[in-house]
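Heads up, the thing below is written out as structure tokens.
Every chain is numbered from 1, with letters handed out A, B, ... down the list of sequences.
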Number of protein chains: 2
Amino acid sequence: MSSDPKFTPVKGTNISQKVADQIESAILNGGIQPGNRLSSERDLQTQFEVGRGAIREALQALKQKGIIEIRKGVKGGAYVKKMEIGNASESLSLLLKQNKVPIDDLVEFRDAVDQTEVILASIRGDRQEKQRLVEMAMKLSELSTRSDDPDVDAIKAIDREMNMLLAQMTKNSVFEWIKNTIQMSIGSYDSLLYESANYRDKTIDNWIKTAKEIAAGEPLKALSRCSYHYVLLQSCIKDQELGKTESNDVKEK
Amino acid sequence: MSSDPKFTPVKGTNISQKVADQIESAILNGGIQPGNRLSSERDLQTQFEVGRGAIREALQALKQKGIIEIRKGVKGGAYVKKMEIGNASESLSLLLKQNKVPIDDLVEFRDAVDQTEVILASIRGDRQEKQRLVEMAMKLSELSTRSDDPDVDAIKAIDREMNMLLAQMTKNSVFEWIKNTIQMSIGSYDSLLYESANYRDKTIDNWIKTAKEIAAGEPLKALSRCSYHYVLLQSCIKDQELGKTESNDVKEK
DNA sequence: TTTTTTGAATGGTACGATCATTTAACCCGT
DNA sequence: ACGGGTTAAATGATCGTACCATTCAAAAAA
């Protein structure tokens with residue numbers, strides 16, 4: 001028939017979850033194309049060697065996520081939905097899993113959001129928040145210069161905190177939401193900046209200046225610092241792609 | 001005890017959907033507070049007078065939406081989750097249903113997105129798209145001036161199309177996604193501009209000028225037009241809400 | 001050939017039984 | 001009386017079977 005993905009039987013508890021994971025994985029990894037039909041519930045029941053209820057719950061979850069559609073009758077069953085931009089109930093992160101969104105697009109979008117955020121944060125952030133932002137920037141610097149082998153994970157964590165604080169300072173919950181969503185999806189790329197010592201120093205230095213401009217209530221100056229952050233990021237990503245063939249001589253632990 | 005929400009029995013097909021709707025409604029309307037516990041599956045089964053499978057599927061859907069959490073054992077059951085900004089699997093529209101997002105925040109966010117969009121559209125839109133944008137703007141004008149009683153719904157439809165085209169012209173799928181999501185949530189407020197003849201004329205006139213600036217590849221001029229659109233919208237909303245005077249003083253150009 | 005009927009495939013619902021997990025109550029030795 | 005271990009009840013998780021509702025294609029009838 002169309003496809004026999006050879007699902008592997010599952011046992012134990014959380015069965016419906018495991019089943020859903022296997023199916024979702026098969027879909028997202030391209031094993032099953034949009035428009036394709038999964039086996040019937042009764043077939044899946046035998047493939048996974050579980051009860052039908054578990055299958056139904058798994059399908060229900062996937063349907064809720066918006067990645068399958070369920071039809072009744074002959075030729076019915078679970079059909080893989082074409083992921084449309086426009087389904088408001090589907091999350092941005094799900095869109096990213098589908099590889100429908102080039103990472104560059106996301107970086108660009110984040111850039112736009114960040115620019116607005118630094119402006120709003122400069123205007124609306126209270127003194128306490130501004131002070132905390134500067135403190136965190138200084139801590140970044142401290143972590144980076146204290147030893148030859150800085151704790152990169154700690155640095156990334158603080159970077160993330162600073163970004164969330166920035167979003168908070170806008171006093172706009174939508175910015176908080178979108179920032180968090182982006183952060184969860186883009187994190188790996190964004191933290192490239194902290195992997196190499198060269199970019200790390202520049203980035204942290206820029207963070208400090210950005211924080212100070214925000215604290216000083218200078219939106220436009222902060223804005224230009226923010227732009228520089230993305231210049232760095234773009235450059236860093238470019239370097240990364242160029243050095244893809246040669247072995248990684250980056251000493252990271 | 002906690003509460004007895006008195007769910008009404010359901011019959012027919014799509015039962016699990018109806019059950020889920022009733023429960024979600026009870027939660028969103030505040031009938032059940034975060035932290036509260038729903039009855040056990042077996043109790044709900046009798047309350048709704050349906051099979052247990054239907055209840056489980058409904059709860060599965062709500063769990064997937066992230067609005068309940070399910071625990072096992074004694075004292076187990078479905079607990080209403082506190083909706084946190086930060087759950088990436090929850091959708092923006094769901095956030096809005098919870099009234100956790102002031103509409104002003106959303107308008108502000110949309111403003112920021114739009115500003116970037118007009119700039120990108122000016123730069124990246126091809127000639128065909130730019131021409132189409134101007135054509136649609138002219139059609140808006142035509143629809144508005146043709147009679148004393150313009151077809152407001154048609155105008156709104158074109159406004160929506162123009163917005164989506166604008167997003168397309170950015171050549172960035174994230175902007176398309178976010179634009180559509182916002183559009184679906186903000187639509188009612190945004191179309192206020194077309195209800196009264198006064199704002200309608202100004203808005204359409206501004207749309208035309210915006211489209212022309214974009215077509216001419218003048219990002220900065222288009223940007224200022226875009227800002228004016230939101231000045232109009234803010235003013236319009238303010239007129240609508242006769243009561244709040246000082247709190248919203250966001251008029252900045 | 002066209003229309004109608006029929007039947008098989010499949011999702012939707014219901015009911016009941018059993019397993020697994022969690023919590024609270026109970027019991028017992030010190 | 002107290003602390004720790006044991007037991008029992010509540011509840012979700014799973015399985016299985018049966019039956020209904022819907023759909024579609026093939027067979028039958030016109």
Side-chain angles (χ1 to χ4, degrees), chain A residues 1-5 7-23 32 35-81, chain B residues 1-5 7-23 32 35-81:
Chain A
M1 294 299 289
S2 53
S3 59
D4 65 333
F7 293 120
T8 62
V10 291
K11 285 180 184 175
T13 183
N14 283 349
I15 287 195
S16 63
Q17 190 60 50
K18 293 176 186 170
V19 170
D21 286 346
Q22 265 198 57
I23 297 179
I32 310 177
N36 278 179
R37 172 181 173 279
L38 271 62
S39 308
S40 70
E41 292 180 355
R42 291 171 179 85
D43 279 349
L44 292 174
Q45 183 178 356
T46 62
Q47 284 191 44
F48 284 105
E49 296 177 8
V50 298
R52 195 170 157 215
I55 299 291
R56 284 186 61 78
E57 286 184 20
L59 294 180
Q60 177 75 33
L62 296 179
K63 172 187 166 194
Q64 197 61 39
K65 277 192 180 181
I67 70 182
I68 65 171
E69 165 195 14
I70 297 181
R71 300 181 201 155
K72 281 180 290 194
V74 183
K75 294 284 182 181
Y79 285 79
V80 178
K81 234 176 168 179
Chain B
M1 298 297 287
S2 52
S3 60
D4 72 329
F7 293 120
T8 63
V10 292
K11 285 179 184 176
T13 184
N14 282 349
I15 287 195
S16 63
Q17 189 61 51
K18 293 175 187 170
V19 171
D21 286 347
Q22 265 198 56
I23 297 179
I32 310 178
N36 277 179
R37 173 182 173 276
L38 273 61
S39 308
S40 71
E41 291 181 356
R42 291 170 178 87
D43 280 348
L44 291 175
Q45 183 178 357
T46 62
Q47 283 190 45
F48 283 104
E49 295 177 10
V50 299
R52 195 164 159 216
I55 298 292
R56 284 186 62 80
E57 285 183 20
L59 294 181
Q60 175 76 33
L62 296 179
K63 172 187 165 193
Q64 198 62 38
K65 278 192 180 180
I67 69 182
I68 65 171
E69 166 196 13
I70 296 182
R71 301 184 201 153
K72 280 180 290 196
V74 184
K75 293 285 182 182
Y79 285 78
V80 178
K81 231 176 167 180

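When heavy atoms are screened at a 4.0 angstrom cut-off, Arg71(B) is found touching the sugar-phosphate backbone but no base atom. Gly53(B) comes within 4.0 angstrom of no nucleic acid atom, judged by non-hydrogen atoms across all strands. Base contact: Gly73(B) has a heavy atom under 4.0 Å from a base atom.
Interface remark: the Arg42(B) side chain does form a donor-acceptor pair with the dG12(D) base, using a distance-only criterion of under 3.5 Å.
At whole-Å resolution of the value, CG in Asn14(A) and P in dT21(C) are 10 Å apart. Atom CG in Leu59(B) sits about 14 Å away from atom P in dT11(D), given to the nearest Å. Distance, Lys72(A) NZ to dT22(D) P: 6 Å, rounded to whole Å. Counting to the nearest Å, the C1' atom of dT10(C) and the CD1 atom of Ile70(A) are 11 Å from each other. We find that CD of Glu57(A) is positioned 14 Å from C1' of dT13(C), with the value rounded to whole Å. Taking atom CD1 on Ile55(B) and atom P on dA13(D), their separation rounds to 14 Å, with Å as the unit. In this structure, CD of Glu41(B) is placed 15 Å from C1' of dA17(C), rounded to the nearest angstrom. The distance from atom CZ of Arg56(B) to atom P of dG16(D) is 15 Å, rounded to the nearest whole Å.
For Ala54(B), the side-chain atoms get nearest to dA14(C) when compared with the rest of dA14(C), dA10(D), dG11(C). For Val74(B), the side-chain atoms get nearest to dT22(C) when compared with the rest of dG12(D), dA13(D), dT22(C). With dA13(D), dA14(C), dC15(D) as the choices, the nucleotide that has an atom nearest any side-chain atom of Ile15(A) turns out to be dC15(D).
We find that Glu69(B) and Lys81(B) are not joined by a salt bridge, their nearest charged nitrogen and carboxylate oxygen being 4.0 Å or further apart.
Nearest-nucleotide positions on DNA chain C for Gly12(B) and Thr13(A) put Gly12(B) closer to the 5' end.
Between Ala54(A) and Ser16(A) the shortest heavy-atom distance is O-CB, 3.6 Å. Taking all atoms of both residues into account, the shortest heavy-atom contact from Ala20(A) to Leu62(A) is O-CD2, 3.9 Å. The minimum heavy-atom distance between Lys11(A) and Lys18(A), with the atom names listed, is O-NZ, 2.9 Å. For Ala78(B) against Ile68(B), the heavy-atom pair with the smallest separation is CB-CD1, 4.0 Å.
Arg52(A) has no side-chain polar atom (N or O) that falls below the 4.0 Å cut-off from OP1 or OP2 of dG11(C).
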